[in-house]
Q: 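Here it is: the structure, laid out below.
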Amino acid sequence: MPEELNLNELSRVVFLGLSQNEMFTLNKVAEEETRCFFSLRYTSVSHVGSGDQRHGISSCPPRRLCAVNIAVFWLLGISPPTKKNTLSYKLSRLSRSCVYFLLSCLFFHTVVVLYGAPLLESALETFSLAVLLSTLTTLRCLCMLGPNVQAWIRVFSRDGAMSVWDTSLQITTGCSVVGAWLGAFPIPLDWDRPWQVWPISCSLGATGGFLTGLLVAPIWIRWHRKQLTYKLK
Amino acid sequence: MKRLPVLALLLWICCVFYVGIFLFVGGFLLVRLEVNRTSSCEDVLPPSSNTTSPDFCSKHPRVRRAVILIIDALKAEFARYDPGNVSPRPFENKLPVLGEMVSSRASHARLYTFRADPPTTTMQRIKGFTTGSLPTFIDVGNNFASSAVLEDNLIHQLGQAGKRVVFMGDDTWVSLFPRKFHRSLPFPSFNVKDLHTVDNGILQNIFPTLDGDDWDVVIAHFLGVDHCGHRFGPDHPAMAEKLTQMDGVIRSVIKRLQNDTLLVVMGDHGMTDTGDHGGESQKETDAALFLYSGSPLFPDPDAQQVEPEVVPQTDLVPTLALLLGVPIPYSSVGQVMLPLFPRNSSLDAPVGLSQVEALWINVKQVHRFLETYSSMAKDIPADSLSQLRAHFSQISSQYMSSTRDGTPPPPELVASMQEYLSSVRETCRASWARFNPLKMAAGLLVLGFGCILCYVISELSVAVLQGTMLKTPVLAGLMVGGAVAVGQIFTLGYVEVSWCFGAAVLFSEALFLWRARRVCPRGRLSHWHLLTLPLLVLLLRCASLLSDSYVISEGRVVTFLLFSLGLYVPLQLNWDGLLVPAPSTDTQKPPGLLAPPLPPSVVRRESGTLLVCIGVLVVCLYLSLSFHSCREEQGACQPSVFLTPLSRVQDSRLRNLHYVLSLASLSAWAFLLHRWLRHYGNLNCTSVAVFTARCLLPLASICMGLHWAVSATPEDTFRNLAELISLAHVILPRIAFGLLGLGMLLVWLDPLTVFLKTRAPLNSRGAVMPPPRYRASTGISPQAELHHLIPQLYQRIRQSLDDEGAKGTDPDGRPAVEAYGLGTVYSAPLVLLYGLMGLGMLLLHPEGMALAFLLLLLQAAALLYLHASSSNLSSQQSHSSVFSVPWAPVVLWSLAASQFFHATGHLPTFPSIQWGAAFVGFPQGHTGTTLPALLVTLNTFSSHILFAVSCPLLLFWPLVCELRGSRTSRLGGGEDGDDVVMEMRLRENPQQFSSALLQLAARYLFINGAQVLASVCAAAILRRHLMVWKVFAPKLMFEASAFIVGSVFVLVGVALVMRVDTAVARLFQRLLPENSR
C-alpha cells in the first residue's frame, strides 16, 4: 500500500545529517586529495605522516571518507533492520561487506582500465580512483542495503526506491559516477594543467559529483515530494 | 512494400548533403589566382634606372650550365656527416661526399637546410621550386593526376633563353612540363614498392649525357630514397644501401663537372620517422640543399658573409635564374641566395651581378608581381599592401641615389631589401588562405537544413511515405535552380553551377519541411525527443570535432563514447525494471494496460545474452585500441605493430607469428559467417547465392592467405623462384578480387537462399490438407491469400538437416511447404555481402589488420545481438511502430564505423593514407588513375562502407532473434502462437517494413550528416585557427568523403533489401497457384 511519508521531516534529516557532517569533511577531503596527488608528482613531502608515502597517499582520501560514511550511517541508523542479532551473523555480514567492497574496487578498476586508462603505468593511482569510486558508491550501498546485490539492482530502477534514503542513494551514486565520467573529458586537451594528469581530474570529478549529489538529493526530494510515494516494505 | 519512394527519398537526402558539402568545400578550400603572365628578357622592370637596359638576361651569366640532382625525400638529417658517430643508424653518415666537399673546398661547396612549404608532396614541391610561388591546399588532391603547370616557371624560362634542358627520372615532370624539355627520359613513378627502376634508368643515361655536349641544364629526379622510405621506413638497411648509391652518383657527377657548371643536389621534402610525408612537421619540410661549383663561387669562409641557416625552397628559383642569366619567373616570390653572388661588382665585374644588383632586380620583380596580382585579385589586405609599397619606394629611392652618386650602396640597404622580400612572402602566404564566406554560409545552411530534414523524415517516416511528399518539392527546387541559372546567364553571362544547385536544394528542402509540418501529428516532433542519452552522445561526438585536441585523439574519444553508450543500454533497461524478472507479486499495475510480462526464464536468458554481448563489445573496444596509428602531433605514441606489412618485419619469428595470427583471424571470419548461415538454414538450397557462400567465400580466403604468404617472403630468399613469386603477387590477389566480385554479383542476381521442400504425402491427400481457416480465404484477392498463406509456410523454419528426423514423426498439422532459410531471407544475403566485402577490403590492408577486421565482425555481431536482446526485453514497453529501430543502436552502429576507421590504422590526415592499397594485385603500377583511386578509397573508408552496407541488419536482427510467441499476440498477424515467423513478419506488414527501413536509413544518415555538419562548422568557425590546415581541413575532407562513400553504401544496402523483397514476392507468386488451388 503506498503511503506518503512525512517528507519534510525526512528531507530535513537528509539535509542536516549529510550536509553538516559530510560536506564539511568532503570539502577537506577533496582538497587533501588534490594535494595528495600533487605531492605524489611534484613534491616529496609526505603530509600523511606515515613512513610509506605512496601507500599512504593511495588510500588517504578514501580512508577518511570511509570512516565518515560509516559513522554517519551508523549514527543515523538507516541500515536495514537485521532479523538476527547474533554476533556471528553480524561478523559474517561484516566480512561479506568487506569482500564486496574489495570486489567493487576491482570492478571499478577494470572498468576504468577498459575505458582507456593505462594498464600498467600508474596502476596505483588508477586503483586509488577505483577505491574512491567504491567509497562513494558501493560503500553507501553496503551501509544502506547490506551486502545484498539483488537489493542494489532493485534500487537502481525506476520503481525501486523504497524510502527517501534510497532516492538519495540513487542520486548521489549517479552523480558520483557521472562526475568521474565527466572528469575524463579534460584529459586530452592541451592546456598543460597539473590537474589534467591522469586520475586527478577524474577523482575531482567524482568528488565534485558526489558533493553535487548530496546537495541535489534533498532539493530534488523536496521538489518532487508530491510524486514520491514509497511502498511499504 | 514501397520500394521506389523509399529509395527516392534516401537519394534525395544524399543529394542534399552532397550539394551542401560541395558548396562549403568550394568556398572553404583556398584557391590562389594564377597570374598568367611570363617574364622575358626584354622586360624593363619599373622603376627603371637611368640606363634603360633590360634587367634580366645578363650577357655574362655567372654559371653557364647546371646539373640539378633531385633526390626525392633527401631529409636534412641524411646529408649531415658526423665523423664522431661510431655506430650510425642506416640513414646516418651515408653521404660523406657532401661533408668532405664542404670542409675541403669551402669556396666551391655549401650545404644548407632546405625548407619546403607544406604540403610536402612531390608534385607540389616540383611546382614550388620551379615557379617560385607558394602552393595552396586545393592542389593536394591532384598529386596523381598532375596537369601541366601554366604559371611562368624556370623550365619555361630556360627554354625561352635557348638553353637545352635534359630531363630524366620521375615522370611527374613530363606531365607538369609537357614539350618543354630538349630531351626527356621519364620513368614511371607511381609504384612505391619499386626502389630501382627510376634510379637505374637515370644512372644508365646521366653519365653519357654529361660527357656529351648536347645540354645546358640537366635535371635528374631520383625516387629511390623516397620509395625506400615509404616501403621500409628510414631506419632500414635498404635505406643505407640507397643513400650509399646516391653518394656514389654525386661523386661521379662531381668528377665530370667542368668549371662553368653548377651542381645542385637537393631533396624536395623530408620524411617522418615512418617514411611518410605530406604534412608540415619539421621532419617533413626540412630537406638538404647542396651546391657545388667547379670554380670558386662562394666567398671564403673568413669573408664576412652572413650565411643563411635555412633556405626556403622558393629561393632557389630567382637564384638559379640570375645565375644562369634567364628571367626570374613572373610570379616567383623567392629571394636570391646572397652567398652565390660576389659582394662587389668592382672586384670581379665580368663574372656577373653583385649582391646588391641581384637583390635589386629581385625586389623589382617581386614588386611587379605584387602590383599585378593585387590588380587582379583583391585578397591581399589593403593596409599591408600600402605598407609594402612604401617600403619599396624607400628602397628604390635609396638605391637610385646610391647609383647616381656612384657610391657603394650602404649595407643597410641589403638588409632592407631582404626584409622587404621576406615580408612580401609572408603577406602572400597569409592572404592565400582566402575564403568565400558566402558560399561557406550557404553550404552550412544547406547542411543544417539537411540534418533537420533527416530528423524529420526519420520521425515521420510513416506519414512521409503515405503522402506523396517528395515530388512537388523536388520539381519546384529544380525549377528554382533553373531560374537561377537563367538569371545568371542574363546578368552575369555565365552560370555558376554551385549556386544553381544550392538554390534548388535549399528551396526544395524548405518546401518539404513546410509540407511536413502539416502532416506532422501533434506532439510528434517535440524537442524532448532530442534529449535522450544516445543523441546526447552524438552531440558530444559532434562537439568533440570542434576542438583540435579531441580531433587529434579522435580514436580514443570515439571509443570512450561507444563504451559509455554500450554501458548505458543495460543500465537503462535496469532502470525500467526490465533486466531482471519482475517480482511475481506485482499487483499494483492494472493488468490490461501492458502485455503480459515475459516469463522469468526468458528474461534471465535474454539478460544473460545482453550481458555477454556487453562483455564482447567492451573487449572488442579495448582490443581495438591497440590497432591505432599515430598522428605527428601525438608525441609519445607508437603506431601499432600490426600496421607494418609482413615484408617489413625483420624478425622472422615475429613475422611467422603475425602471419599465423592473421591467417587464424581470416579463417575465423569465414567460419563465423558460414556457421551463422548454416544455423539459420541458409545453405540448403542450390541457388547461386549459396554457391557463393559455400565455395567462393572459402576459396577467396584461401587465395588471400596464400597471397599474404607470398608477399611476406623477403625478396632475396628464393632467388630461383623469383618469377613464380612475382607472378603470384599479381595472380593471387586478382583471383581473390575476381571471386569476391563474382560472389557479390551472384548475390545481387539471385539473393534468395530459401530451400523449399514439398512433402510427398501431401499430394496423396490432395485438397483435404488446407485447414479451414485457410480455405475460407480462397476466393478473396490474391493479396489477402498471400497474407494467410505465409504463416503456413514458415511454421518450421529453423530446422536444418539434422532436425529433420524428429520432424518426420510429426503426424499431422504439418505445413504444406517447408522453407528452410525463409526466416532470414532478408538478412542472409546482406550478411553474405558483408562477408564478401569485408574480405575484399581486408585484402587491401596490411596483413596484420586481419585481427582488426575480426574484431570488427565480432563487435558488429555483439552490437546486433545487444540490440536484439534489449528490444526483446523491452518488447512489452514499446508502443511505437513494431519494427522501428531506436536511436541507441543506430548511434552505436555509426560510432563503431568511426571507431574502426581508426582501429584499422587510418587517420584523418593525408600522409596516413595507405597508398600501398593501390598496388595489391597491381605491383607494376597502373596506367589510369581511376582504379588506384578506387582501391585507395575502398581501403580508407572500409569500416564506413562495411557498417553502412550492413545498416539494415539492425532492423532484421530483433526479428531473427525473436522470442517465440512474444510478438504474435501483439501483432495479431499470426494465427498460431508458436510460430517462428522471423523476418516474414516484414512481408506481412509491408507498410511498416518500408517505413521502418526508411526511418533506419534516415537515422543513420542523420548521425553521419550531423558529424559532417560539425566538422564543417569547425572548419568555418576556426578558419583562422593555427591548426586549420593541419587538423580541421583534413578532418573535414575525410568526414565529408566518409559521408559520401557511406551514404552510397547505405543506398546499396537498402537496394539489396529491395532486391530481396522483389525476389521473395516472385517466389510467393510462383508458389501460390500450386498450393492454393
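Per chain, numbering begins at 1; letters A, B, ... match sequence-line order. The figures that follow rest on heavy atoms only: side chains count, while hydrogens, waters and symmetry mates do not.
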Q: Select one option (side chain, backbone, both, neither) describing which atoms of Q150(A) are under 4.5 Å from chain B's heavy atoms.
A: neither

Q: Which residues from residues 610-622 of chain B are near chain A, with near meaning under 4.5 Å between non-hydrogen atoms?
A: V618(B), Y622(B)

Q: Let me confirm one number: the CH2-CZ distance from W575(B) to F156(A), rounded to the nearest 0.5 Å.
A: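 Reported to 0.5 Å precision, the distance equals 9.0 Å.
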
Q: Nearest 0.5 Å please: distance from the OG1 atom of T559(B) over to the CG atom of L114(A).
A: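 Output value for this atom pair is 12.0 Å.
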
Q: Could you work out, with disulfide bond (SG atoms under 2.5 Å apart) as the rule, every residue matching C630(B), not counting sequence neighbours?
A: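 Here the qualifying residues are C637(B).
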
Q: In terms of heavy-atom contacts, does OH of Y568(B) have more than 12 from other residues, nucleotides or ligands at under 6.0 Å?
A: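 Above 12, so yes.
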
Q: Can you give each donor-acceptor pair under 3.5 Å made by side-chain atoms of residues 173-189 of chain A, sequence neighbours left out, with the distance rounded to 0.1 Å?
A:
from	atom 1	to	atom 2	distance (Å)
T173(A)	OG1	L169(A)	O	2.7
S176(A)	OG	T172(A)	O	2.6
W181(A)	NE1	S564(B)	OG	2.7

Q: Give the member of L625(B), L567(B), L573(B), L540(B) that has the highest number of heavy-atom pairs under 4.5 Å with chain A.
A: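 Highest number of pairs under 4.5 Å: L540(B).
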
Q: Does anything in residues 546-556 of chain B get under 4.5 Å of chain A by heavy atoms, and if so which residues?
A: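 Under the 4.5 Å heavy-atom cut-off, S547(B), D548(B), S549(B), Y550(B), S553(B), R556(B) qualify.
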
